[in-house]
Structures are given as C-alpha cells and as structure tokens.
Amino acid sequence: MHGGRLRDASAHYGIAVADWLDLSTGINPDGWPIPELPPSAWSCLPEDNDELLDAARRYYRTDTLLPVAGSQAAIQALARLHKPCDAHVIYPSYSEHAHAWRGAGHRVVQVTSEKLESSAKTAAVLIVVNPNNPTGERFPLQRLVGCAERLAARQAWLIVDEAFIDATPEQSLVPLGPRPGLIVLRSLGKFFGLAGARVGFVCAPDEVLERIRRYLGPWGVATPSRLVATHALADSAWQQQNRERLSLAGQRLSEILRRHRLLPRGDCCLFQWVPHASAHAIHEKLARAGILTRLFDDPPSLRFGLPRTETDWQRLERSLADVASHLPSTVSA
Ligand SMILES: Cc1ncc(COP(=O)(O)O)c(C=O)c1O
C-alpha cells in the first residue's frame with residue numbers, strides 16, 4: 001500500500017510531476033524542517049553511540065529500542081527471524097506485513113479487526129497496525145495489552161505497527177513495555193514527514209532487538225539520517241505545534257469530504273479513508289484533474305492525504321465539487 005507512485009501517474013495521465021497535487025500518501029506535507037548538515041555527516045560512518053538513542057529514549061519513553069532504516073526494514077527482518085508459523089494479520093491493512101511474512105515462507109491468515117481476540121488465542125504471530133492504514137481504525141491500549149498477555153503466555157508475538165501514532169502519543173504501547181513477545185514499530189516517515197530519511201525504531205525486549213541487530217548488521221541508518229532524526233525527536237516544540245496543526249487539518253479534510261458526499265471513516269489526522277462503491281471512478285476523475293489519491297480494491301475505497309498550501313486545499317475543494325456533481329444521488333459508504 002505504498003504512496004509515492006507519482007511518476008507512474010505522471011506517465012499514465014500525461015501530467016507533469018510538478019503539476020500534481022499528491023494526496024496518495026499519509027505523510028505530513030509540512031514535515032520537520034531539515035537544517036543544513038555538516039559535511040562530516042556525509043563522510044563519517046554511522047556511530048551507534050551518537051546522540052540518536054538518547055533522543056529516541058526520551059521521545060518514545062522507553063530504554064529498549066533499536067534504530068532501523070525505516071520500519072519497513074523491521075517488518076522484513078521480523079518475518080525472516082521467526083520459524084515457519086501461522087501469522088495472523090489484520091485486514092485490510094498495510095499490505096507489506098502480509099507480503100513479508102508470506103515471502104518468508106509463513107502461512108498468513110488475514111483477519112478482520114473483530115477477530116483480534118480469537119486470533120490471540122491461536123496465532124504464533126499477530127500483527128496489528130494502530131491506527132490502521134488505510135482504515136484509520138484505532139485499537140484501545142487495554143485491548144492490545146490483553147492480546148499481548150494472551151499471546152505471551154504461549155510464547156507468541158504481538159507486533160504492533162505504530163507508524164501513524166505520533167500525533168496521539170498517549171495511545172502508544174511503547175511506554176508500557178518492554179513486555180515478553182510485544183514488538184512495537186515506530187516510524188519517522190509519517191508525522192515527522194521524513195519518509196526519505198528511512199528512519200524507524202523497533203521497541204521490544206532486549207533479546208528480540210539483539211536478534212534483529214545481528215540480522216541487519218552494522219550501519220543500517222545513514223549518518224545524515226541519524227543526525228536529522230536526533231534533532232527531530234528532540235524538537236518537542238515542533239512536535240506539539242504539529243499535533244495541533246495536524247489535528248485541525250485532519251478535521252478540515254474530513255469536513256470537506258463530507259460536504260461533497262464522501263463519508264470518511266476512522267480516526268487518523270494524517271489521512272481520511274473513504275469506502276465508496278464508485279471509488280475507481282472518483283479516483284480516475286480526480287487523477288484527470290491532477291489530484292492523486294490512493295485507490296484500494298478491497299473494499300473499494302480511497303485514501304486522501306493532507307493538502308499542504310491554501311491553494312492546494314482550494315484545488316481539492318473545486319475538484320471534489322465537480323466529482324460530487326457527477327455522483328449518483330444515493331451514496332454508498
Ligand atoms: C502502516 C505502515 N507501517 C510502516 C510503513 C513503512 O514506513 P517506513 O519504512 O518509512 O518507516 C508504512 C509506509 O507506508 C506504513 O503505512
């Protein structure tokens with residue numbers, strides 16, 4: 001479920017990359033402002049004992065964590081570290097989890113979110129994305145802790161992907177760990193808008209971190225990325241400002257969609273998810289107007305990321321008004 005397919009869209013629709021309004025990702029469009037980096041950032045090998053871990057420990061409120069080259073690196077490593085098993089993955093969700101576990105030879109069982117507790121009784125590994133991408137569904141902490149306990153009693157894993165949780169840090173499981181079998185993934189790609197830097201963290205018991213560390217080998221996170229991540233994680237003023245700003249932007253996007261008869265579900269300020277029987281046609285119409293959304297087939301749905309400038313917001317409104325005027329009068333959502 002990647003965003004970032006702008007170049008393909010540009011070729012397909014014959015619209016220059018620079019002319020698109022790209023709403024196909026859930027990345028903060030106004031990410032943490034990158035300062036100029038010292039030249040040594042490019043010439044020095046990454047050092048494990050720089051300031052990154054201290055900044056991360058304060059930000060994530062835990063001592064047991066491991067920096068990785070984006071949470072994607074951990075998703076793939078975990079699937080390869082586990083002996084062949086039944087991995088239960090919430091569906092619909094970020095497809096890279098199922099893809100990685102299937103690719104590493106496991107049997108993947110896709111389960112809807114109501115089945116979480118029954119999966120916790122049988123799965124060797126249960127994977128939940130919280131808040132979920134693309135549905136925006138949130139899983140209360142107590143519910144996840146209950147699953148973690150049930151799984152741990154059987155030496156099974158609960159993997160919780162919190163790539164989109166940073167705007168609501170009080171809902172993170174990380175400060176409640178480390179707990180046996182609980183593995184939480186964090187990302188600097190979404191809230192901080194630093195997807196290109198490829199920085200994420202795994203929060204888990206030491207023995208799990210040690211296995212991932214050995215599997216991934218040294219120097220996984222580049223020095224410039226470590227530097228930028230250190231400063232972004234320490235910038236609590238920017239974080240606070242962005243929690244408020246993104247929350248308002250999320251509400252604004254939700255209201256605009258509703259006004260044009262598209263009913264978003266879920267609760268994640270970085271994107272809005274709209275199940276709709278005409279999702280394909282809406283995606284196509286918006287794309288012809290140079291607005292890229294993320295289309296999903298099952299269920300037919302669209303994910304809208306946040307516009308950045310006022311001009312972008314108005315452009316979206318105009319195109320949505322046009323889309324709404326062509327929608328059948330009964331809306332399925
Ligand atoms: C739910 C979820 N988890 C993890 C990732 C991977 O993010 P990164 O590797 O940039 O940390 C993504 C990227 O889209 C995602 O949507």
Side-chain angles (χ1 to χ4, degrees), residues 1-6 22-29 31-32 34 52 56 59-60 65-80 87 89-101 103 110 113 125-139 144 158-168 171-174 183-204 212 216 220-222 224-226 228-229 232-233 246 250 266-273 292-296 301-306:
M1 291 194 186
H2 291 289
R5 296 203 171 130
L6 196 54
D22 182 8
L23 306 181
S24 69
T25 79
I27 297 170
N28 181 352
W32 188 76
I34 308 289
L52 177 60
Y59 177 78
Y60 293 112
L65 36 72
L66 175 73
V68 287
S71 46
Q72 185 65 35
I75 291 172
Q76 288 166 212
L78 287 166
R80 284 177 175 80
V89 184
I90 289 290
Y91 185 84
S93 189
Y94 181 55
S95 59
E96 287 294 323
H97 289 285
H99 184 68
W101 284 79
Q110 296 186 314
S113 53
V125 177
L126 174 57
I127 303 168
V128 182
V129 180
N130 187 36
N132 194 19
N133 170 20
T135 66
E137 179 173 4
R138 288 195 184 256
F139 299 89
L144 293 175
L158 175 65
I159 299 178
V160 183
D161 177 344
E162 295 187 340
F164 285 99
I165 208 140
D166 296 64
T168 49
Q171 296 185 18
S172 171
L173 274 173
V174 174
I183 300 168
V184 185
L185 309 181
R186 302 289 298 255
S187 172
L188 269 79
K190 315 300 181 192
F191 173 76
F192 288 98
L194 297 173
R198 312 302 310 131
V199 187
F201 286 86
V202 188
C203 309
I212 301 173
L216 292 175
V221 182
S225 300
R226 293 184 74 100
V228 167
L233 291 169
L246 290 168
D267 176 22
C268 181
C269 59
L270 285 162
F271 57 81
Q272 300 292 319
W273 183 60
L292 191 61
T293 56
R294 184 75 168 92
L295 175 67
F296 299 93
S301 51
L302 294 166
R303 191 188 62 201
F304 291 79
L306 294 171

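When a ligand or atom number is given, it counts from 1 through the structure's own listing order.
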### Distance (rounded to the nearest 0.5 Å) between L66 CG and I212 CD1
6.0 Å
### Query
What atoms of ligand 1 come closer than 4.0 angstrom to any heavy atom of V129?
1 (C)
### Message
Quick check for you: to the nearest 0.5 Å, what is the distance between R198 atom CZ and S71 atom OG?
### Response
7.0 Å
### Message
Among P92, P134, S95, exactly one meets side chain to side chain contact (heavy atoms under 4.5 Å, CB included) together with F296. Which residue is that?
### Response
P134
### Query
Under a 4.0 Å heavy-atom limit, does S71 contact ligand 1 with its side chain, its backbone, both, or neither?
both
### Task
Measure from the side-chain N and O atoms of Q171 to the backbone N and O of I165, and report whether any donor-acceptor pair falls under 3.5 Å.
no
### Query
At under 4.0 Å between heavy atoms, which part of R198 makes contact with ligand 1: side chain, backbone, both or neither?
side chain
### Task
Show which atoms of ligand 1 fall inside a sub-4.0 Å distance from at least one heavy-atom site of A163.
2 (C), 3 (N), 4 (C)
### Query
What's the spacing between R5 CZ and L295 CG if we round to 0.5 Å?
10.0 Å
### Query
Should one rank L270, N133, I27, L188 by closest heavy-atom distance to atom 16 (O) of ligand 1, which comes out on top?
N133
### Task
Examine Q72 against ligand 1 and note whether any of their N/O atoms are separated by less than 3.5 Å.
yes
### Query
Does the gap between the ring centers of Y94 and F164 come in under 6.0 Å?
no
### Message
Within this structure, what is the CG-CD1 distance for the pair L306 and I27, rounded to the nearest 0.5 Å?
### Response
11.5 Å
### Query
Is S187 in contact with ligand 1, taking contact as a heavy-atom separation below 4.0 Å?
yes
### Summary
Near G70 (heavy-atom distance under 4.0 Å), the atoms of ligand 1 are 9 (O), 11 (O)
### Message
Considering H97, K190, E162, E96 one by one, which has a heavy atom nearer to atom 13 (C) of ligand 1 than any of the others?
### Response
K190
